[in-house]
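Quick notes on the structure that follows.
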There are 2 protein chains.
Amino acid sequence: MDIFTALSDPVRRQLIEALWQRGPLSIKQLGEGLPISRQAITKHLNMLVKAKLVNARYCGKERIHELNPKPMEKVALWLQPFAEQWDDRLSRLKTYLGEQHEQD
Amino acid sequence: MDIFTALSDPVRRQLIEALWQRGPLSIKQLGEGLPISRQAITKHLNMLVKAKLVNARYCGKERIHELNPKPMEKVALWLQPFAEQWDDRLSRLKTYLGEQHEQD
DNA sequence: ACCTTATGCAACCAATTGGTTGCATGTCAA
DNA sequence: TTGACATGCAACCAATTGGTTGCATAAGGT
């Protein structure tokens, strides 16, 4: 699944935030706060796994999910050119940083 | 419409890129390269307008569309915390910049 | 006035999404 | 081994999405 689509649902973003703040979690744990069924959570998690945003491994009867934020980089890079228009200073530094990176 | 959803479709991202690179354009002009009907383009543009990403004004019989990248800031800000994991140096500078910003 | 052009509006369609429920299965603890 | 618990799988459903077509309308040029 496309990373942009993966991030387009508020529930999925919430799951990502939970994994970010609280570390690896099971399906049960991830669903605890949410007002939707376990199966709905599972579906969202499966999409996140397909998008490579989340790694799932089995630990006994539990499926443990770990966040892998790397694919989000693609979104950040797509956003970058437009950023010039909302914060010039930030954009200049990003550009500077980009040049430094080329010189490595 | 939610900004994340607005950005989740590849055609809409293409429209945004076209407006970014070529400036204000009509529906006709925006559809010229694309393999879909004018009405499909119109629908996408209407969604972008709802998401405040695009301003539309009438100029005679043409509807002219202009890009407003500001709402994308929200996405960039959501992405920011996770960025630490894919580029430490960039993240440190972003953090530094954030602090500078606070001191203004 | 007439024709062309750019657009709007509405109906329609197939596929996908986000959710549900019911039931089956594998793991762990008593 | 029995029962509780975490999960998987499948069917089902309503709403939305991304697309189409046909027709109406308003603006401009000749």
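Not measured: the values here are computed from a predicted model. Every chain is numbered from 1, with letters handed out A, B, ... down the list of sequences.
Atom CG of A/L48 is separated from atom C1' of C/dT17 by 14 Å (rounded to the nearest Å). Whole-Å rounding puts the B/F4 CZ to D/dT17 C1' distance at 20 Å. Per the geometry, CG belonging to B/L30 stands 13 Å off C1' belonging to C/dA6, to the nearest Å. Following rounding to the nearest Å, B/R38 (CZ) and C/dA10 (C1') show an atom-to-atom distance of 13 Å. The CG atom of B/L45 sits 15 Å away from the P atom of C/dA6 (whole-angstrom rounding). D/dA6 atom P lies 15 Å from atom CD1 of A/I41, rounded to whole Å. Atom pair A/K28:NZ and C/dT27:P shows a separation of 18 Å (rounding to whole Å applied). Atom P of nucleotide D/dA26 and atom CD1 of B/I27 are separated by 16 Å, given to the nearest angstrom.
Of the listed residues (B/L7, B/L45, B/L48), just one forms a side-chain contact (heavy atoms from CB on, under 4.5 Å) with B/R12, and that residue is B/L48.
Both A/M1 and A/I36 lie near DNA chain C, and the one whose nearest nucleotide falls closer to the 5' end is A/M1.
Note: the hydrophobic cluster containing A/I3 also contains B/V75 (ILVMFWY, side chain heavy atoms under 4.5 Å, direct or indirect links).
For the atom pair CD of A/Q39 and CG of A/N46, the computed distance is 11.5 Å after rounding to the nearest 0.5 Å.
For B/R63 and C/dG8, the shortest distance from a side-chain N or O to OP1 or OP2 is below 4.0 Å. Taking only side-chain nitrogens and oxygens, A/Y58 never comes nearer than 4.0 Å to OP1 or OP2 of C/dG26. Side-chain nitrogen and oxygen atoms of A/S37 include none within less than 4.0 Å of the OP1 or OP2 phosphate oxygen of C/dG19. Put simply, B/H44 has a side-chain N or O that comes within less than 4.0 Å of OP1 or OP2 on D/dG19.
Taking only side-chain atoms of A/K61, from C-beta outward, the nucleotide of D/dG8, C/dA6, C/dT27 with the closest atom is C/dT27. Residue B/K43 places its side chain closer to D/dG19 than to any other of C/dA6, D/dG19, D/dT7. Between C/dT20, D/dG18, C/dG8, one nucleotide has an atom nearer to the side chain of B/M47 than all others, and that is D/dG18. Distance from the side chain of B/Q39 is smallest to C/dC9 among C/dT20, D/dT7, C/dC9. The side chain of B/E62 lies closest to C/dT7 when the candidates are D/dT20, C/dT7, C/dG18.
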Without placing hydrogens or testing angles, list every side-chain donor-acceptor pair under 3.5 Å for residues 15-26 of chain A, not counting sequence neighbours.
from: A/E17; atom 1: OE2; to: B/W78; atom 2: NE1; distance (Å): 2.6
from: A/S26; atom 1: OG; to: A/Q29; atom 2: N; distance (Å): 3.2
from: A/S26; atom 1: OG; to: A/Q29; atom 2: OE1; distance (Å): 3.4

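Counting all heavy atoms, side chain and backbone alike, A/S8 lies closest to B/T5 at O-OG1, 3.6 Å.
Contact annotation: side chain of B/R12 to base of D/dG18, donor-acceptor pair absent below 3.5 Å.
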